[in-house]
Amino acid sequence: MKLLEELEQLFVTPALATNRKVVVRTAPSPTGNLHIGTARLALFNYLFARKHGGKIILRIEDTDTTRSKKEFEDDILESLRWLSLSHDEFYRQSERGSVYQKHLLRLIKEKKAYLSREPSQSNPAVEIEVVRLRNQNRIISFEDEIRGTISFDTMELGDFVIARSLSDALYHFAVVVDDVEMGVTHVIRGDDHISNTPRHILIQEALGAPRPVYAHIPLVLAPDHSKLSKRHGATAIREYREQGFLPEALINYLALLGWNPGTTQELFTLSELIKEFDLSQVHKSGAIFDIEKLRWFNREYLRRLPPAEALALIGNALPEAIKALPHFSEERLQKVAPLLIERIAVFSDIAKLVKEEELQYFFERPAVAPEDLAWKDTNAATIAEHLQYLCEKLGDIPEKMFTQDTVREAIFGYATEKGRGAVLWPMRYALSGKKQSPDPFVLSGIFGKEETIARLTAASATIAK
RNA sequence: GGCCCCGUCGUCUAACGGUUAGGACGCCGCUCUUUCAAGGCGGCAAUACGGGUUCGACUCCCGUCGGGGUCACCA
């Protein structure tokens, strides 16, 4: 036991000096659109590097040519850009075959690896010559920034395969060679790589390279505690983008998933995150992705959006059917926008409102059901009387002065005197045709004098029948 | 199954030997109000379990249970 530990000490390569410039990498495989979990890892790498004035390498790990697709690479790049997660250098592993080969050859020459002729696993009929690493079968331990010391017995790994052939390096080898060649100082990746780490260290030591600092971040989990996958709903950043989530909200939410600044602050801009971020505050256990909290963040950012920007985004999310309605206009939409913002968390919620017919009445005269016009047991004659009065009273307001405030001023006394419910409910219902809607003053302000009076008159006519 | 990692409200988390175990999301209630939304106020709700160590454990140690990861010529 003791001997084993001493033996181990002999082989331990010191971690990279901390005074070296920080170099991190985010290394997605283009086998799917940018995943929420990958984006979060990219974010952690980004925050760490930017905080320490380091360099960020984006490396596309496409050594598996059958599963890798250009369209996924495009999506990854585009999604990262959308999230504002920039990088400083870009590589594709598929373009680095000669680099891997060079190191493979060297290792073989130094007898640290060897060629082995054996039947192909995919096609046992043919023999191929794979490259295996000479494993010294010892205990590897490393310091993980998140978990502390982790030890593995690498015995059961055996002389594992590092390349399918001299010109076809496998993932583990490519990763280690790249990290070495690119001068990566901090490997910040998902904790599903913990058990790959001893293998990487073995390769690294064979290469005679220094050991980077490892930080294994716990994974993002689905509500059922399993790995977040498609059956749990949207997993790609693109889908959230398409649903109308704001990148700032996504960033903020993802940052707080497994990390916190140790204060109760929850809303952070990217640059605040850079300032606050610290690997030592990263949690050890996996965090469940909670769409409700993401929606809350999104709403917070939605409300902070400059009005012009919000308006443009609402315009994008608004179905064509609404834009085709008779009273639709940009001016009208501009007035409705603040109401909308108050009622949605994500832009895709607009489609839901439309489906529930919560928006139509802003842009076309609503159908009014006489039986719904009455507040409690107010009788028809009284309602008609109130509506009549409202029309007259509002008619006295000059068109230019017709706003939610002047309308309120004009009729609030009357409403208070006659019973607010008895006056205001029919007024609001007449304007919206809905049992639930914004208040009648706000609606009047949106519709303007002519349309407001027209709707009140129409409702009044309905009740007269 | 072997190996590795993890375990505070339903969820994200604070507390790093001494707190009535705090905050946020969600949920519920109240309030504002003609209705809805938003807002304000409040409530429900957790240290997985069992042993130690200690004057004192969410915090340290051991075990149990539970969860996750990984065991490729995928990444």
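Chain letters run A, B, ... following the sequence lines, proteins first, then strands; residues in each count from 1.
- Searching all strands for a Watson-Crick or G-U wobble partner of rC30(B) with both distances below 3.5 Å returns rG40(B).
- With a cut-off of 3.5 Å on both pairing distances, rA15(B) has no Watson-Crick or G-U wobble partner at all.
- Look at the C1' atom in both rU53(B) and rC60(B): the space between them is 8 Å, to the nearest Å.
- rU19(B) sits 11 Å from rA14(B) when the C1' atoms are compared, rounded to a whole Å.
- Of the candidates rU35(B), rC25(B), rC3(B), rC3(B) carries the atom nearest the Phe152(A) side chain, counting heavy atoms from C-beta on.
- Taking atom C1' on both nucleotides, rU20(B) is separated from rC27(B) by 24 Å, rounded to a whole Å.
- Taking the C1' atoms as reference points, rC58(B) lies 10 Å from rC16(B), given to the whole Å.
- If you take CG of Leu219(A) and P of rG68(B), they are 12 Å apart, rounded to a whole angstrom.
- Applying the Watson-Crick and G-U wobble criteria (two distances, each under 3.5 Å), rG7(B) pairs with rC65(B).
- When the P atom is compared between rC62(B) and rU70(B), the two are found 26 Å apart, to the nearest whole Å.
- Taking the six-membered ring for Trp and thresholds of 30 and 60 degrees, Phe142(A) and Phe152(A) have nearly parallel ring planes, at less than 30 degrees apart.
- Looking at Arg147(A), its side chain has no donor and acceptor atom pair within 3.5 Å of the base of rC5(B).
- Taking atom CD1 of Ile146(A) as the reference point, atom P of rC5(B) lies 15 Å away to the nearest angstrom.
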